[in-house]
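Here the structure comes first, spelled out in structure tokens, and everything after it is commentary.
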Amino acid sequence: MKCRKCGAAAALELRRHNAAFCAPDFLDFFRNQVREAIRRHKMFARGERVLVAVSGGKDSLALWDVLLDEGYDTTGLYLDLGIFDYSVESKAKCEAFAARRGATLLVSRVADEVGAPVPVIKQVTRRPPCSGCGLSKRYLMNRVALDHGMDVVATGHNLDDEAATLFGSVMHWQTEALPRQSPALPSTHPKLVRRVKPLYRLSEREAAAYAFLRRIDYIVEECPFAHGATSIAHKEILNRMEEASPGAKHNFLFGFLEKARPVFERAAGVVLQECARCGQVTTGTVCAFCKLADQVKRAAGGAAPER
Ligand code: AMP
Ligand code: FES
Ligand code: ZN
């Protein structure tokens, strides 16, 4: 197999693109896909402040690496979920990466903000850990971005993540979730920071290859609570489809973004207002994060404090 660009021996085959690349040309391909994502969705401009949410995994660290090399004004944000060794190790990976690149990393602890770490939130809510965890992550990313005057939050969601989320939403016809599925979510309220996913055009395997070739030290283990999660089952199904028909994931996601999403977006019309307690955006009176924090405090035996 030969590199499509230079004809040297290829290091990686991308069946979806009917192409193969040597290591340097693959890195170029990867960066070009990120540039294309930023350009196409006007994700951010030079001079804007980008908060990169990093989990210590390959995707978000690869993203931060590309954005640093491209000269964007980035700051990392690690959310310490308090999930045993997994959190200790993933935080160490983020800190080591930031130190190596001379970049700034902010750290925010869920236990300080919600009143308990994710494993305790899981017990209190008796819901899958990922629901309280995902809610807290989205909320804290936005609040930290506002507190630090950031223009936009970037996450490392890749093509596989996005296709699996879409598959899950479609399987259950969660039509309210469909307009929110986008590589770039605009700010629809002064207290809601723009959110972007510059890796949405790149697969998980491509992000792993980029991280490997760039010698980025990342946490390989999944979160211990991810075990058996439906999103993993959905990824497996999509991987089997991709195996049989290269490009299936891409067609599924990109077809949705181009043809179906605009229809659901027109139908949505959600009105946002400020939470009566914390002032962050919500569709109700009190936001889901404040309700979660109340629930945790009630379980701990104390009364919910005023915020
Ligand atoms: P996940 O929801 O674990 O698939 O992660 C998707 C994206 O969310 C990652 O690529 C990161 O950008 C961000 N993210 C996940 N976990 C964390 C964390 N603990 N701290 C900061 N960002 C995170
Ligand atoms: Fe949130 Fe695993 S990362 S529950
Ligand atoms: Zn609130």
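In what follows, every heavy atom counts, from backbone to side chain, and hydrogens, waters and symmetry copies are set aside. Just follow the structure's listing: the first ligand is 1, and inside any ligand the first atom is 1. Remember, it's a predicted structure, so these values are computed and weren't measured experimentally.
Contact between K137 and ligand 2 is present, with at least one heavy atom of the residue lying under 4.0 Å from the ligand.
Atoms of ligand 1 found under 4.0 Å from any heavy atom of L77 (numbered from 1 in listed order, with element): 21 (C). Using a 4.0 Å cut-off to heavy atoms of C130, the atoms of ligand 2 that qualify are 4 (S). Under a 4.0 Å criterion applied to the non-hydrogen atoms of G156, ligand 1 contributes the atoms 9 (C), 10 (O), 11 (C), 12 (O). The ligand atoms of ligand 1 that sit less than 4.0 angstrom from a heavy atom of T155 are 12 (O).
The protein heavy-atom contact nearest to atom 6 (C) of ligand 1 is H157 NE2, 3.3 Å. Closest to atom 1 (Fe) of ligand 2 among all protein heavy atoms lies C133 SG, 2.1 Å. Among protein heavy atoms, atom 2 (Fe) of ligand 2 sits closest to C223 SG, 2.2 Å. Nearest protein heavy-atom neighbour of atom 12 (O) of ligand 1: A53 O, 2.5 Å. From the protein, the heavy atom lying nearest to atom 1 (P) of ligand 1 is K137 NZ, 4.4 Å.
Between T75 and M150 the shortest side-chain heavy-atom distance falls below 4.5 Å. Put simply, the side chain of R4 does not reach to within 4.5 Å of the side chain of D25, judged on heavy atoms. Between Y210 and V66, some side-chain heavy-atom pair lies under the 4.5 Å cut-off.
In terms of polar-atom proximity, L79 is counted as a contact of ligand 1, with an N or O under 3.5 Å from an N or O of the ligand. At under 3.5 Å, not a single nitrogen or oxygen of M141, backbone or side chain, sits near a nitrogen or oxygen of ligand 1.
Taking the six-membered ring for Trp and thresholds of 30 and 60 degrees, W64 and F97 have ring planes inclined between 30 and 60 degrees apart. The aromatic rings of F21 and F26 sit tilted relative to each other, their planes meeting at an angle between 30° and 60°. The aromatic rings of H172 and H234 lie tilted to each other, with the angle between the two planes from 30° to 60°.
Inside a 4.0 Å radius of atom 4 (O) of ligand 1 there is not any protein heavy atom.
Taking the Zn ion (ligand 3) as the apex, the angle formed with SG of C275 and SG of C278 is 110°, to the nearest 10 degrees. When SG of C287 and SG of C290 are joined through the Zn ion (ligand 3), the resulting angle is 110° to the nearest 10°.
Following chains of ILVMFWY side-chain contacts shorter than 4.5 Å, one cannot reach V153 starting from F44, and the two form parts of different hydrophobic clusters.
Exactly one residue among S90, P119, P117 makes a side-chain contact (heavy atoms from CB on, under 4.5 Å) with I83. That residue is P119. If you run salt bridge (Lys or Arg N to Asp or Glu O under 4.0 Å) between E243 and each of K249, R205, R16, R15, only R15 comes through. Put simply, the residue from K191, Q280, K137, R195 that forms a side chain to side chain donor-acceptor pair (under 3.5 Å) with N142 is Q280.
Counting heavy atoms under 4.0 Å from ligand 1, residue V54 touches it through the backbone alone.
Remark: N18 CG is loosely packed, at most 12 non-hydrogen atoms of other residues, nucleotides or ligands lying under 6.0 Å away.
Comparing S55, C130, A164 by heavy-atom distance to atom 15 (C) of ligand 1, the nearest is S55.
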